[in-house]
Amino acid sequence: MDGATPWGGQPDGALLIDDGHIAWLGAAADLPAGLRVDEEIHLDGGVLLPGFVDAHTHLVYAGSRAHEFELRLQGASYETIARAGGGIRSTVAATRAADEATLLALALPRARALRAEGVTTLEIKSGYGLSEADEARCLRVARAVGAATGQTVRTTALPAHALPPEYAGRADDYVDDACRWLAGWHAQGLVDAVDAFCETIAFSPAQVERLFRAARALGLPVKLHAEQLSDSGGAALAARFQALSADHLEWLSDAGIAAMAVAGTVAVLLPGAFYFLRETRLPPVQALRAAGVPIALATDHNPGSSPTLSPLLTLNMGCTLFGLTPEEALAGMTRHGAAALGLHDRGRLAPGLRADLVHWAVDHPRELAAAFGQRPACRVWIAGQETRP
């Protein structure tokens with residue numbers, strides 16, 4: 001997946017792993033002579049790929065919102081449900097009522113399900129606590145998920161996800177408090193990045209800008225839920241702060257695309273939410289391509305708008321719904337997914353990079369995107385160590 005040739009493929013390849021990193025890669029016939037190795041693994045065909053990077057998840061939460069799925073099928077919109085007290089705020093209530101051990105017990109099977117389909121690195125956002133203590137609790141659980149599964153977990157603070165009920169009518173006061181909370185979470189080592197939901201049913205560009213200024217003052221990179229339901233100018237705002245990514249982007253404008261291209265901001269597309277909410281406005285994939293904006297794909301796992309835990313299904317939806325090629329989809333969940341998290345030591349197979357690897361029992365990587373509802377056999381290595389179910 002290095003982009004040098006189609007797929008960056010190496011037929012009959014081999015690689016050497018030393019201290020969790022790729023030390024050499026090339027044709028098996030060209031292996032250096034006189035090697036002394038601790039273990040030799042023959043994979044007997046198939047395809048070896050970089051580990052998947054799921055760059056947008058909301059994995060830590062309690063409760064179910066399956067009833068909202070039923071309401072939408074009966075004609076209620078996502079916005080109507082949210083304004084009536086459902087949506088994110090209903091998950092906040094359930095998450096606040098769950099203790100830390102319960103949240104971890106709920107999150108671990110989700111992370112392991114992602115790992116079973118090749119995810120070796122993932123982002124986990126907060127955003128379902130919406131208080132200083134509850135958000136910190138969710139971030140601690142996210143850290144614990146990585147420790148338990150061996151996956152790299154990047155934690156993203158998302159306090160500006162929705163307005164909690166105790167701040168009703170006081171959104172600016174809430175944003176002021178969230179800006180203060182960031183410093184404490186950062187001091188505790190809980191935060192790798194900061195995100196917000198910039199939308200008519202969430203937070204305004206001016207409010208998001210205040211949060212981003214607080215994040216950047218702490219040296220934290222930013223990301224943004226942008227242009228999912230309307231064009232709020234969020235992508236351009238994110239680009240002004242050199243955001244790692246802007247995510248969703250169904251309503252992204254030409255000006256937003258141009259700003260992202262200049263800033264190097266990754267476009268993270270989330271076909272699971274598009275599918276589950278039965279949206280009809282497609283993200284401007286061809287315009288993103290033309291502008292050279294890197295396109296990542298992610299599951300957006302969450303209880304309300306994208307309950308999938310299948311990166312393979314996400315690859316397929318990225319192709320069938322958004323028109324990505326299979327190679328673009330795989331790049332979106334490997335090298336571009338890594339870039340969306342600010343990680344440049346993974347997402348490709350190359351000397352010096354982390355040995356996060358997945359072996360798939362397929363003849364060509366395009367098969368992973370073409371099939372859905374199937375899970376080819378796979379083996380997963382994280383930093384050179386094979387994982388177990």
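From a predicted model like this one, the values you see are computed outputs, not experimental measurements. Throughout, numbering of the chain's residues begins at 1 and tracks the sequence. Note: hydrogens, waters and symmetry copies are ignored here, and every other heavy atom, side chains too, is used.
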Looking only at atom types and distance, does a side-chain atom of [X] sit under 3.5 Å from a main-chain N or O of [Y], one as donor and one as acceptor?
X    : Y    : value
E199 : L229 : yes
H58  : H301 : no
E227 : A235 : yes
R96  : Y128 : no
Q188 : G184 : yes
H364 : R366 : yes
T121 : A338 : no
T149 : V145 : yes
H21  : D19  : yes
S64  : A66  : yes

Query raised in the report: If you look only at pairs with a residue in residues 318-359, which of them pass as a ring-ring contact (aromatic ring centres under 6.0 Å, His included), with sequence neighbours excluded?
Result: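 Every pair satisfying ring-ring contact (aromatic ring centres under 6.0 Å, His included) with a residue in residues 318-359: F274-F322.
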
Student check: side-chain heavy atoms of [X] and [Y] closer than 4.5 Å:
X    : Y    : value
W24  : P32  : yes
W251 : P283 : no
T57  : N302 : no
L122 : L59  : yes
V92  : I88  : yes
L313 : L315 : no
L158 : V194 : no
I295 : V285 : yes

Report task. Mind jotting down which residue pairs meet the salt bridge (Lys or Arg N to Asp or Glu O under 4.0 Å) criterion with at least one end in residues 23-43? Sequence neighbours excluded, please. Result -> none

Could you give the side-chain donor-acceptor pairs of residues 216-223 under 3.5 Å, partners two or more places apart or in another chain?
residue	atom	partner	partner atom	Å
R216	NH1	L220	O	3.1
K223	NZ	A55	O	3.1
K223	NZ	E123	OE2	3.3

For [X] and [Y], which heavy atoms make the closest approach, and how far apart are they?
X    : Y    : answer
A107 : V60  : CB-CG2, 4.2 Å
A214 : L182 : CB-CD1, 4.1 Å
T334 : G347 : CB-O, 3.4 Å
L244 : G342 : CD2-CA, 3.8 Å
P303 : Y61  : CB-CE1, 3.5 Å
D300 : S305 : OD2-OG, 4.1 Å

Query raised in the report: Should side-chain heavy atoms under 4.5 Å link Ile, Leu, Val, Met, Phe, Trp and Tyr, which residues sit in the same cluster as V268?
Result: V266, L270

Taking atom types as modelled, find out whether [X] and [Y] have a side-chain donor-acceptor pair closer than 3.5 angstrom.
X    : Y    : answer
R143 : T155 : yes
T91  : R65  : yes
Q151 : T120 : no
T156 : D195 : no
D99  : T102 : yes
R346 : T152 : yes

**Report entry** With E79 via side chain to side chain donor-acceptor pair (under 3.5 Å) - residues at least two apart
**Finding:** none

Query - For D172, side chain to side chain donor-acceptor pair (under 3.5 Å) partners two or more places apart - result: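 So D172 forms a side chain to side chain donor-acceptor pair (under 3.5 Å) with Q207, R210.
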
Any residue meeting ring pair (Phe, Tyr, Trp, His ring centres under 6.0 Å) with [X], in chain and number order, not counting sequence neighbours:
X    : result
F203 : none
H248 : H56, H225
F241 : F212
W381 : none

Requested in this report: With sequence neighbours excluded, give me every side chain to side chain donor-acceptor pair (under 3.5 Å) pair touching residues 256-268.
Outcome: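 Sorted result for residues 256-268: empty, none.
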
Report task. Just grab all the side chain to side chain donor-acceptor pair (under 3.5 Å) pairs involving residues 275-295, residues at least two apart or on different chains. Result ->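 Qualifying pairs: Q286-R289, R289-E328.
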
Query raised in the report: Taking a hydrophobic cluster as the set of Ile, Leu, Val, Met, Phe, Trp and Tyr residues connected by side-chain heavy atoms closer than 4.5 Å, whether directly or through intermediates, do L324 and L368 fall within one such cluster?
Result: yes

Query raised in the report: Any salt bridge between E100 and R140, counting N to O under 4.0 Å?
Result: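 Here E100 pairs with R140 in a salt bridge, since their nearest N and O are under 4.0 Å apart.
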
